[in-house]
Amino acid sequence: MAKRAKIFENALVQVAKGGWVVYDKINSMLGDNPSFTPRWSDKPLLKSYQKEKPPLGWPRTTDSLCPRCIPEIRQQIVDGKLPHEILLNEKVGEIKAQIVERDGQILMVKDCPIHGHFEDVMSVDPAMFKHLEEVFPGRDIRAHNDSKLHNHGTSTVTHGRGSVLTIDLTNRCNMMCDPCFMDANQVGFVHELTWDEIKTMLDNAITIKPRRQMSVQFSGGEPTLSPYFLDAVAYARKVGYNSVQAATNGIEFAKSKEFAKAAAEAGLRYAYLQFDGIGNAANSHRKVGNAFDVKLQAIHNLHEAGVDIVPVTTIVNGINNEQVGRIIQFALDNPKKINFLSFQPVSFTGRDEAVSEERRAAQRYTLSHMAHDVKNQTGLGEPTRDWFPISFMSTFSDWADLVHGPDHDWGQLSCGCHPNCGIGMALMIDKETKEAVPVTAFLNADRLAKDVAKINDASRGKISSIIGVSLALLRNYKPSEAPTHFKILDLLQKFDKCFGATGRDYGKVTGDRTMADIEKRRKDRWNFLFIAGMWFQDLFNYDFRRTEQCIIPYATQEGEISFCAYNTGVGWRNIIEKMHMTATLTKWYEEHGRHEIFAGGKKVGLERQEKYDLVLNDAHVNAAANDTFEKSGIAKNAREEKIRARDAKIKQEAENARMAKLYRKEILKEPEAPAGFIALGEIKPAAAPAAPAEDKNLVPGD
């Protein structure tokens, strides 16, 4: 039966190919209509040939930062020795960088006149790097009506509206992780937004044009520790954001079903769940004794409440890179629960900014590493066929904007980031049989995007555009390569469900959605599993061409700032949090007490441990932790590096004292001092400091 259906579909594809030739010829004869200016923008929609592109290819020159100058300058600003306005008016710490190919790798190399030479790996697969840059469709509409929020010197976001607005509700956290890009619980003060500040940031965000439909992600620290978390979720829904997310370690959701339900009722749509591997051993570097059990309980509670879960994995080479395939297998085994995975190669910033060259080289992990690990560990995905820059999807967002017409209140979510920022691969999974096939194995995505760009450029209106994209989808479809039970109708409906072109009810996603809407969307037999890789910059690979078209801006008391400029770059986070500090730790503890921190192997108390309806691979769950760094002798995190530096200092001071004593005895012929007497000039070895705060389960600064 399925075989006969595929034969019929092959015939239909041939008809669509002929239909496309006619459609494309008519469009060419009629010429392109002018683009309209939608309600959500003061500028018209861009044609594909009007989109700007940054310099791409290699060798090329770009603007970067010195990894040593920037921390020094930032500290002077934080200490009040320099005004923060210097960042608006001067190019502090900026140096030129070259992007080159050498020995089969793409590198960024740069030289600071003060601190010397730096270089780091950007890709271990030049062919893949070239492919990602070649299919980049161009930048989004330039941001306008935004001068109040976008004014951060050379770090200013200039293109597009973004796709995820991040709001850190608090810098408090209930974990003490390595790595941690914001150095949570270590800065000596609390920075926590007031309710008025949260509302103001959400209100301000929708004043920028183009007014695209963004996701709002509440983050931290741990956002669920904020007393305004649920109110913030509800208010974001109220002002019009369809996709409200929380970047969370899942502890509070695991501890309480009621809290998960309250978050869902407030309007939480996605939980971006910290998820570093399968099994407690794979998560052991997070220093929570039952971390994986917490993740499973959080997934159970959240899904039951109606919240979709996005496991988010920070990948560190030699720490958990072997977990890439296991996490994907977990998603493949549980297609009714997981429909998005986000892998984030480590960024050496925050707690890891002072990383040693040795550890940085050993732990560096790029998007190309990730694509090859997926293929090698799962057998899925060809790097130059199945992986595309996240911005590749903006062509389809443009089509949705065209179809929705000029009177739509919001533009389609558009991921217009630089092609070096993020990549994605889509799998089509049969929820019943669990058969999984890369979408680009049965759909010529490159040619499809070019076809859709032609439709967008012609700007014929809704009906013509829907007919055109239907023909384009069919002519680029290969039925014999698709999953066994996947049909052409499924392809068309999936596309429509994603972009809402026909107005068919697949279950609402707006603020008034109900559990019935959620269940309706979940009944779809086909899971479009999107595997994303987002590589945030650090000072060793910083590129201002990426910063200026950031799609993940942070909303702060000083405007909206690129994710990388905020957390790395000049480090606006450190400056703004200190400028708008809520209280010192001592003051905070006096007024609010201490929140519980899970570190040093402490376990989270879970009220109910239910039988999860999640499929687990026992071999993966019970596997030992990655021991690469135990064998190599290289410190595996910032904490170990600090301990080793402390021990080396103590050892050196002891050696200095021994040599001084020997010098006085042998060269100066001084008599030995009586026992217990410290001779003038003798150096006494420093006492070892107290155990690090994470071992005491306390916040530094106590």
Side-chain angles (χ1 to χ4, degrees), residues 40-41 43 45-46 51-54 56 132-133 135-144 146 149-150 152 155-168 181 201-202 204-206 208-219 236 241-245 247 270 272 310 312 340 342-345 347 367 388-398 400-401 410-424 498-499 530 532-537 542-556 559-569 572:
W40 45 267
S41 174
K43 295 183 178 182
L45 301 180
L46 291 175
K51 292 191 172 189
E52 300 176 15
K53 292 185 179 182
L56 299 172
L132 294 173
E133 293 195 344
V135 299
F136 172 59
R139 290 166 164 164
D140 199 0
I141 303 173
R142 287 190 72 92
H144 48 286
D146 66 328
L149 298 179
H150 289 161
H152 303 95
S155 296
T156 301
V157 177
T158 60
H159 287 79
R161 175 64 185 86
S163 62
V164 180
L165 179 72
T166 305
I167 299 180
D168 278 355
F181 65 76
M201 289 176 188
L202 288 167
N204 285 343
I206 59 177
I208 298 174
K209 298 291 185 71
R211 188 180 187 229
R212 292 197 177 278
Q213 176 63 62
M214 292 200 313
S215 300
V216 176
Q217 184 172 103
F218 294 110
S219 185
Y241 296 110
N242 285 342
S243 181
V244 181
Q245 312 169 0
Y270 292 104
Y272 268 58
V310 180
V312 180
F340 198 112
S342 180
F343 292 101
Q344 297 177 357
S347 170
L367 294 172
F388 287 81
I390 290 177
S391 47
F392 183 78
M393 291 301 296
S394 63
T395 298
F396 303 93
S397 299
D398 293 343
D401 287 333
W410 297 79
Q412 184 76 16
L413 184 147
S414 183
C415 299
C417 57
H418 193 284
N420 298 163
C421 290
I423 62 174
C498 184
F499 296 105
F530 193 76
M534 201 72 189
W535 189 22
F536 301 118
Q537 302 180 87
Y542 202 83
D543 186 346
F544 278 95
R545 301 295 80 76
R546 290 178 57 179
T547 305
E548 62 197 15
Q549 60 189 86
C550 177
I551 62 168
I552 313 178
Y554 267 87
T556 77
E560 291 186 9
I561 307 174
S562 152
F563 187 102
C564 291
Y566 191 62
N567 290 307
T568 63
W572 280 93

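Given the structure is predicted, the values throughout are model-derived calculations rather than measurements. If you read the sequence from its start, that first residue is 1, and numbering goes on from there. These numbers come from the heavy atoms of this one structure, side chains and all, not from hydrogens, waters or symmetry mates.
Using a distance-only test at 3.5 Å, with no hydrogens or angles considered, no donor-acceptor pair links the side chain of Q344 to the main chain of F536. Using a distance-only test at 3.5 Å, with no hydrogens or angles considered, no donor-acceptor pair links the side chain of D401 to the main chain of G411. Although no hydrogens or angles enter the test, the distance criterion places a donor-acceptor pair under 3.5 Å between the side chain of K53 and the main chain of F136.
At least one side-chain heavy atom of P210 sits less than 4.5 Å from a side-chain heavy atom of H144. Contact of the V244 side chain with the F218 side chain is registered, since non-hydrogen atoms from C-beta on lie closer than 4.5 Å. Between K43 and K209, the closest side-chain pair of non-hydrogen atoms is not below 4.5 Å. Residues I208 and H150 are in side-chain contact: their nearest non-hydrogen atoms beyond the backbone lie under 4.5 Å apart. Between L202 and Y241, the closest side-chain pair of non-hydrogen atoms falls below 4.5 Å. Proximity of T166 to I552: side-chain heavy atoms (C-beta onward) are separated by under 4.5 Å at one or more points.
Between Y272 and Y270, the angle of the ring planes goes over 60°, which puts this pair in the perpendicular group of the 30/60° scheme.
Shown here for R139 and E548, the closest heavy-atom pair between the two residues is NH2-OE2, 2.6 Å. Here the closest heavy-atom approach between residue I141 and residue S41 is recorded as CD1-OG, 4.3 Å. Taking both residues in full, the closest heavy atoms of S562 and V157 are given as N-CG2, 3.7 Å, listed atom of the first, atom of the second, then distance. Nearest heavy-atom pair, V135 versus P389, reported as atom, atom and distance to 0.1 Å: CG2-CD, 3.4 Å. Nearest heavy atom pair, residue P419 against residue L56, reads CG-CD2, 4.0 Å. A555 and E560 get closest at one heavy-atom pair: CA-CG, 4.1 Å.
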>> Between C421 and I390, is the side-chain contact (heavy atoms from CB on, under 4.5 Å) condition met? List the steps.
In response: CA-CA 8 Å; C421 290; I390 290 177; over 6 Å; no
>> Let's go through S155 and F544 carefully: what are the C-alpha distance in whole Å and the side-chain angles of both, what is the deciding distance for side-chain contact (heavy atoms from CB on, under 4.5 Å) to 0.1 Å, and is it a yes or a no?
In response: CA-CA 7 Å; S155 296; F544 278 95; 3.9 Å; yes
>> Quick one, T547 with Q537, criterion side-chain contact (heavy atoms from CB on, under 4.5 Å). Give me CA distance, side-chain angles, the key distance, then yes/no.
In response: CA-CA 9 Å; T547 305; Q537 302 180 87; 3.7 Å; yes
> Passes side-chain contact (heavy atoms from CB on, under 4.5 Å), N567 versus S347? Steps please.
Replying inline: CA-CA 10 Å; N567 290 307; S347 170; over 6 Å; no
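Residues satisfying the ring pair (Phe, Tyr, Trp, His ring centres under 6.0 Å) test with W572, not counting sequence neighbours, are H152.
In this structure, the separation between CE on M534 and SG on C415 is 8.0 Å, given to the nearest 0.5 Å. Taking CD1 of I561 as the start and CG of L149 as the end, the distance is 10.5 Å to the nearest 0.5 Å.
Of the candidates E52, Q549, R212, D140 forms a side-chain contact (heavy atoms from CB on, under 4.5 Å) with just one, namely R212.
For the side chain to side chain donor-acceptor pair (under 3.5 Å) condition, the pairs that include at least one residue of residues 389-398, sequence neighbours left out, are K51-D398.
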